[in-house]
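Notes for the one structure printed next.
Here is the naming used below: chain letters follow the sequence lines, and residue numbers restart at 1 for every chain.
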Amino acid sequence: IIFYTKRIHTLCNNGQTEKALKMLRLMEDTNNLVPDAVTYNTLIKGLCNSGQLELALQLVHQMQAKGCSPNVITFTTLIHGLSTAGKVDSALQLLGHMGRYGILPNTITYTALIQGLCSVGELDKALEVLSHMTALGGDCAPNVVTYSQIIHGLCKGGLCDVGFEILHEMRLRGCRANRVTYTALIHGLSQVGDFSRACVLINQMVAMGSQPDKITFNAIIDGLVKAGDVDHARDMVGAMWASGAAPD
RNA sequence: GGGCAAAGUCGU
């Protein structure tokens, strides 16, 4: 069964969902194997990634019909799929249904939801979810991914200042910002031409032990070029070499 | 300790 699940995983990653579904039938019908939650979750993710949300939801019913209970990963995968497709209402609804199955959302589940809220511009709601997570704590406490993601969303929505507040908040709560966190904020600042604060952040991240990488530099160089400041962009390319990241 | 879920830049 692990063997089949691995094959299904590979097929899904190659976008071969048809074949993956056939593989599921093959293992059930001709091999009398019983797929478990991991098998179904793998397929559900594949279907979500290829935009076949309906089929993914059907598969959840199918697994239940066969006596396999969905778990928190099943729901998180679906919520992520719905969020990515911009169907945040459905994602929220699904979150509400989880309780009926006796399954509690965790940090990753909420983080997937925040992703969706940000992408449709519901930043206020995303911030509400973040507070809720903080209040819940434990398994639902926001982590560095949650914070990085919401900072990214805020910056995209033009709210870099709020992004800074979140950076401070995460520090207060003992969550260390990493390269992704800083890069998201640096990118936001660069896009609005606030290079001085972007540089301050670069220095901060170095001081905190995160080296800027290619993506960090690209983010700021792109901003400089868009602002027509080619000279400083060249300087940054120099700094990029100096820090051991090769421009591409 | 097994196979499954979440975050950053540019590249049409």
Between [N] ([atom2]) and [X] ([atom1]): distance, integer Å:
X	N	atom1	atom2	result
A:D213	B:A7	CG	C1'	13 Å
A:L154	B:A7	CG	C1'	13 Å
A:H80	B:A5	NE2	P	11 Å
A:L47	B:A5	CG	C1'	15 Å
A:N49	B:A6	CG	C1'	12 Å
A:I151	B:U9	CD1	P	13 Å
A:H152	B:G8	NE2	C1'	6 Å
A:N178	B:G8	CG	C1'	9 Å

ask   = Taking atom types as modelled and ignoring hydrogens, do the side chains of A:N13 and A:N49 form a donor-acceptor contact shorter than 3.5 angstrom?
value = no

* **A:N41 and A:T74 side chains, donor-acceptor separation under 3.5 Å** => yes

Does the pair A:K22/A:E18 count as a salt bridge with the N-to-O cut at 4.0 Å?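 No.
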
- Task: Give the C-alpha distance, both sets of side-chain angles, the deciding distance and a yes or no for ring pair (Phe, Tyr, Trp, His ring centres under 6.0 Å) between A:H97 and A:F75.
- Result: CA-CA 9 Å; A:H97 288 343; A:F75 282 100; 8.7 Å; no

Only one of A:T181, A:N143, A:T111 passes side-chain hydrogen bond (donor to acceptor under 3.5 Å, both in side chains) with A:S148, and that residue is A:T181

Can you name the side-chain hydrogen bond (donor to acceptor under 3.5 Å, both in side chains) partners of [X], sequence neighbours left out?
X	value
A:N31	A:Y4
A:T39	A:T5, A:D36
A:H232	A:D229

Review point. A:H187 versus A:K156: any side-chain heavy-atom pair under 4.5 Å?
Key: yes

Minimum side-chain heavy-atom gap A:V145-A:T107 below 4.5 Å: no

Under the side chain to side chain contact (heavy atoms under 4.5 Å, CB included) rule, collect the residues that match up with [X], sequence neighbours excluded.
X	answer
A:K214	A:N218, A:M240, A:D248
A:T84	A:H80
A:E128	none

Side-chain atoms of A:I2 come closest, of B:G8, B:A7, B:G3, to B:G3

Of the listed B:A6, B:G3, B:A7, the closest approach to the A:N143 side chain comes from B:A6

Q: Please list all pairs passing the side-chain hydrogen bond (donor to acceptor under 3.5 Å, both in side chains) test where one or both residues lie in residues 114-124 of chain A, with sequence neighbours left out.
A: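 Passing the test, one end in residues 114-124 of chain A: no pairs.
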
Strand-adjacent residues in [range], judged by heavy atoms under 4.0 Å from RNA chain B:
range	answer
residues 22-46 of chain A	A:D36, A:V38, A:T39, A:N41, A:T42, A:K45
residues 50-71 of chain A	none
residues 99-123 of chain A	A:N106, A:I108, A:T111, A:Q115
residues 72-79 of chain A	A:I73, A:T76, A:T77

Which of A:D139, A:N106, A:T77 passes side chain to side chain contact (heavy atoms under 4.5 Å, CB included) with A:V72? It is A:N106

Enumerate the protein-to-nucleotides 10-12 of chain B contacts in which both atoms are nitrogen or oxygen and the separation is below 3.5 Å.
none

Here the gap from A:L127 atom CG to A:I150 atom CD1, rounded to the nearest 0.5 Å, amounts to 4.5 Å

